[in-house]
K.L.:
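First, the structure itself, so that you have it in front of you.
Along the sequence shown, the residues carry numbers beginning at 1.
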Amino acid sequence: MNIAEIENKKIAVLLSGGVDSSVVVYEFARIGLHPDCFYIKIGPEEEEEWDCSSEEDLEMATAVARKYGCRLEVIDCHKEYWDQVTKYTMDKVRAGLTPNPDVMCNRLIKFGAFDEKQGHDYNLIATGHYAQTEIDAEGKKWLCTSPDPVKDQTDFLAQITDWQLRKALFPIGHYVKDEVRIIAEREHLVNAKRKDSQGICFLGKINYNDYIRRYLGEQPGDVIELETGKRIGEHKGLWFHTIGQRKGMGFGGGPWFVVKKDVAKNTLYVSHGYDPETAYKQDFAVRDFHFLTKCLTPCEVTFKIRHTPEYHPAVLEWTGETEFIVHSKEKIHGVAPGQFCVIYDENHHRCLGSGEITV
């Protein structure tokens, strides 16, 4: 954490109850700062039907704030989450696409709705994301990757706006996860051994398909083998499947791989065998590309299309103001319309931005 960056600044910490944001509070406390902490409530609508860990999260956040003498306030962004992030998710899956709710949660809620409700009173908003920032010679702020390739979360932050990035602070971004755990245990934090959350930011133990089923129900349709045109079974809804999916198909004679969706006909196309050629793409279009810091001309880049440690080399071809074609130097498995393609520089150090894959 750059002391000069935070000097004489009013700082808000988004405290989730997890170990990462708790160590953020410690990082401030060790240099004599006691920033205001905020717990964002974005839990489910009917708690009796949903197994949500939000009560435990708040207890953990309260304990950490108290330990370091920080004020904690609960900010209810429940309505904004369901009106904006859930609507985005359901609109995309209904159209046969593969959305990423966590990406939009950062832009619309953690750095969006929170700023409207409370964050506008603060110069900086600190979170427990594994990401870093740097200022270039022109004074522009860039989003940069964490040294932990597994935990790096720049892909989840690649849709935040330039003003949100200017306010963002990632005090643990220079650590790897093991180092954060060591700090938490050394400082006897109440959540030092707590497991990392999995899946969509608020769902807790809830299955993603149950989340989709709650809002869209089921819509059975044919499952067709792409190469032969043979019907091999019935799906319960296109929205329960993603391009490149290999598991959880439930059809005999596998393995099967999802390779295509026909939304108009409500048909799911699969391919038989191990890693069929139809499951790969090397060139694909990206629309509505969002640059984090400034627009760049097409160039040699690296990219990722899902939250994995791997970065793929590519050339970015500019076909319009915010439209690009990604020419990957290797074939990529499971490229799906609706996914965010996140673009980095050649050394995958600076995150340049992201856009939605169309084909």
Side-chain angles (χ1 to χ4, degrees), residues 16-18 39-60 76-110 113 153 155-156 194-223 232-252 254-263 266-270 305-308 334 336-340:
S16 68
Y39 175 84
I40 298 180
K41 181 182 177 182
I42 52 174
E45 293 179 294
E46 300 171 23
E47 293 184 7
E48 69 275 9
E49 293 185 19
W50 293 71
D51 184 9
C52 185
S53 59
S54 58
E55 185 175 339
E56 181 181 326
D57 290 338
L58 183 54
E59 289 176 358
M60 298 281 185
D76 191 346
C77 291
H78 168 91
K79 186 177 187 301
E80 288 81 4
Y81 189 96
W82 293 88
D83 286 351
Q84 297 177 49
V85 180
T86 296
K87 182 180 185 304
Y88 151 80
T89 305
M90 296 308 150
D91 286 349
K92 294 295 183 182
V93 296
R94 188 183 287 112
L97 304 176
T98 303
N100 190 320
D102 284 336
V103 171
M104 300 312 291
C105 183
N106 283 319
R107 176 172 176 160
L108 299 174
I109 306 300
K110 293 177 183 176
Q153 293 173 302
D155 51 330
F156 292 137
R194 197 180 189 200
K195 291 182 179 180
D196 292 344
S197 60
Q198 301 292 327
I200 299 178
C201 52
F202 73 91
L203 287 183
K205 298 177 183 178
I206 301 162
N207 181 275
Y208 179 69
N209 281 346
D210 290 340
Y211 167 58
I212 298 296
R213 186 177 287 106
R214 177 187 177 102
Y215 290 93
L216 299 184
E218 296 183 353
Q219 189 177 27
D222 291 336
V223 179
I232 65 162
E234 183 179 85
H235 65 79
K236 293 183 178 180
L238 292 179
W239 37 75
F240 297 123
H241 301 282
T242 58
I243 303 298
Q245 179 181 343
R246 313 180 193 208
K247 297 179 180 179
M249 300 292 289
F251 308 124
W256 296 101
F257 301 82
V258 175
V259 293
K260 181 183 175 183
K261 298 179 184 180
D262 187 326
V263 177
N266 193 29
T267 300
L268 185 71
Y269 290 93
V270 298
I305 61 169
R306 55 180 64 89
H307 187 59
T308 62
Q339 287 175 318
F340 285 109

K.L.:
Would you give the length of the straight line joining atom CD of Gln153 to atom CG of Asn106, rounded to the nearest 0.5 angstrom?
P.N.:
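Going from CD on Gln153 over to CG on Asn106, the span is 8.0 Å.
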
K.L.:
Grab the two heavy atoms, one from Ile232 and one from Val270, that are nearest each other, plus how far apart they are.
P.N.:
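Smallest interatomic distance, heavy atoms only, reads CD1-CG2, 3.6 Å.
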
K.L.:
So do Met90 and Leu216 actually touch side chain to side chain, heavy atoms under 4.5 Å?
P.N.:
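Of all side-chain heavy-atom pairs linking Met90 with Leu216, at least one is under 4.5 Å.
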
K.L.:
Would you mind reporting whether Arg194 and Asp57 have side-chain heavy atoms less than 4.5 Å apart?
P.N.:
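Yes, their side chains come closer than 4.5 Å.
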
K.L.:
Is a side-chain N or O of Asp102 found less than 3.5 angstrom from the main chain of Phe156, in a donor-acceptor match?
P.N.:
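Flag not set: sc Asp102 to bb Phe156 has no pair under 3.5 Å.
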
K.L.:
With sequence neighbours excluded, tell me which residues meet side-chain hydrogen bond (donor to acceptor under 3.5 Å, both in side chains) with Glu59.
P.N.:
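For Glu59 there are no side-chain hydrogen bond (donor to acceptor under 3.5 Å, both in side chains) partners, ignoring immediate neighbours.
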
K.L.:
Given 3.5 Å as the limit, does a donor-acceptor pair link the side chain of Asn266 with the main chain of Gln219, or not?
P.N.:
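At least one qualifying donor-acceptor pair exists.
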
K.L.:
When rounded to the nearest 0.5 angstrom, what is the spacing between CZ in Phe257 and NE2 in His241?
P.N.:
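It is 15.0 Å, given to the nearest 0.5 Å.
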
K.L.:
Within a strict 4.5 Å, meaning less than it, do heavy atoms of the Leu238 and Leu268 side chains meet?
P.N.:
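When only atoms from C-beta onward are counted, Leu268 and Leu238 do touch, with a gap below 4.5 Å.
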
K.L.:
Could you measure the distance from the CD atom of Glu234 to the CG atom of Asp222? Nearest 0.5 Å is fine.
P.N.:
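Rounded to the nearest 0.5 Å, the CD-CG separation comes to 7.0 Å.
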
K.L.:
Passes side-chain contact (heavy atoms from CB on, under 4.5 Å), Glu80 versus Leu108? Steps please.
P.N.:
CA-CA 8 Å; Glu80 288 81 4; Leu108 299 174; over 6 Å; no

K.L.:
So which heavy atom on Ile42 is nearest to which on Cys77, and how close?
P.N.:
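Of all heavy-atom pairs spanning Ile42 and Cys77, the closest is CG2-O, 3.7 Å.
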
K.L.:
Answer yes or no: is there a side-chain heavy-atom contact under 4.5 Å between Cys105 and Tyr88?
P.N.:
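They are not in side-chain contact.
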
K.L.:
Is it true that Phe240 and His235 have ring centroids separated by less than 6.0 Å?
P.N.:
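Distance test on ring centres: not under 6.0 Å, no.
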
K.L.:
Which heavy atom of Phe251 sits nearest a heavy atom of Val223, and at what distance?
P.N.:
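Phe251 and Val223 have their closest heavy atoms at CZ-CG2, 3.4 Å.
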
K.L.:
Distance from Arg214 atom CZ to Ile212 atom CD1, nearest 0.5 Å?
P.N.:
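The distance works out to 12.0 Å.
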
K.L.:
Atom CH2 in Trp239, atom CZ in Arg213: separation rounded to 0.5 Å?
P.N.:
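Going from CH2 on Trp239 over to CZ on Arg213, the span is 11.0 Å.
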
K.L.:
Indicate yes or no: at least one non-hydrogen side-chain atom of Tyr39 is less than 4.5 angstrom from one of Met60.
P.N.:
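Not in contact.
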
K.L.:
Specify whether His78 and Trp82 have parallel, tilted or perpendicular ring planes, treating 30° as the upper limit for parallel and 60° as the lower limit for perpendicular.
P.N.:
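Aromatic pair His78/Trp82 classed tilted.
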
K.L.:
Are any non-hydrogen side-chain atoms of Tyr211 and Thr89 less than 4.5 angstrom apart?
P.N.:
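When only atoms from C-beta onward are counted, Thr89 and Tyr211 do touch, with a gap below 4.5 Å.
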
K.L.:
Can you find a heavy atom in the side chain of Tyr81 that is under 4.5 Å from one in the side chain of Ile40?
P.N.:
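Of all side-chain heavy-atom pairs linking Ile40 with Tyr81, none is under 4.5 Å.
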
K.L.:
Could you pull out the closest heavy-atom pair between Lys41 and Asp76, with the gap in Å?
P.N.:
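The pair with the smallest heavy-atom distance is O-OD1, 3.7 Å.
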
K.L.:
Ser16: what forms a side-chain hydrogen bond (donor to acceptor under 3.5 Å, both in side chains) with it, not counting sequence neighbours?
P.N.:
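For Ser16, the residues satisfying side-chain hydrogen bond (donor to acceptor under 3.5 Å, both in side chains) (neighbours in sequence not counted) are Ser21.
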
K.L.:
Provide the closest heavy-atom pair for Thr98 versus Ala336 in the form atom of the first, atom of the second, distance.
P.N.:
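Taking every non-hydrogen atom into account, OG1-CB, 3.6 Å.
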
K.L.:
My understanding is that only residues two or more places apart in sequence, or in another chain, count here; which of them pass side-chain hydrogen bond (donor to acceptor under 3.5 Å, both in side chains) with Arg306?
P.N.:
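None.
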
K.L.:
As an exercise, state the distance from NZ of Lys110 to CE of Met104, rounded to the nearest 0.5 Å.
P.N.:
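These two atoms lie 13.5 Å from each other.
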
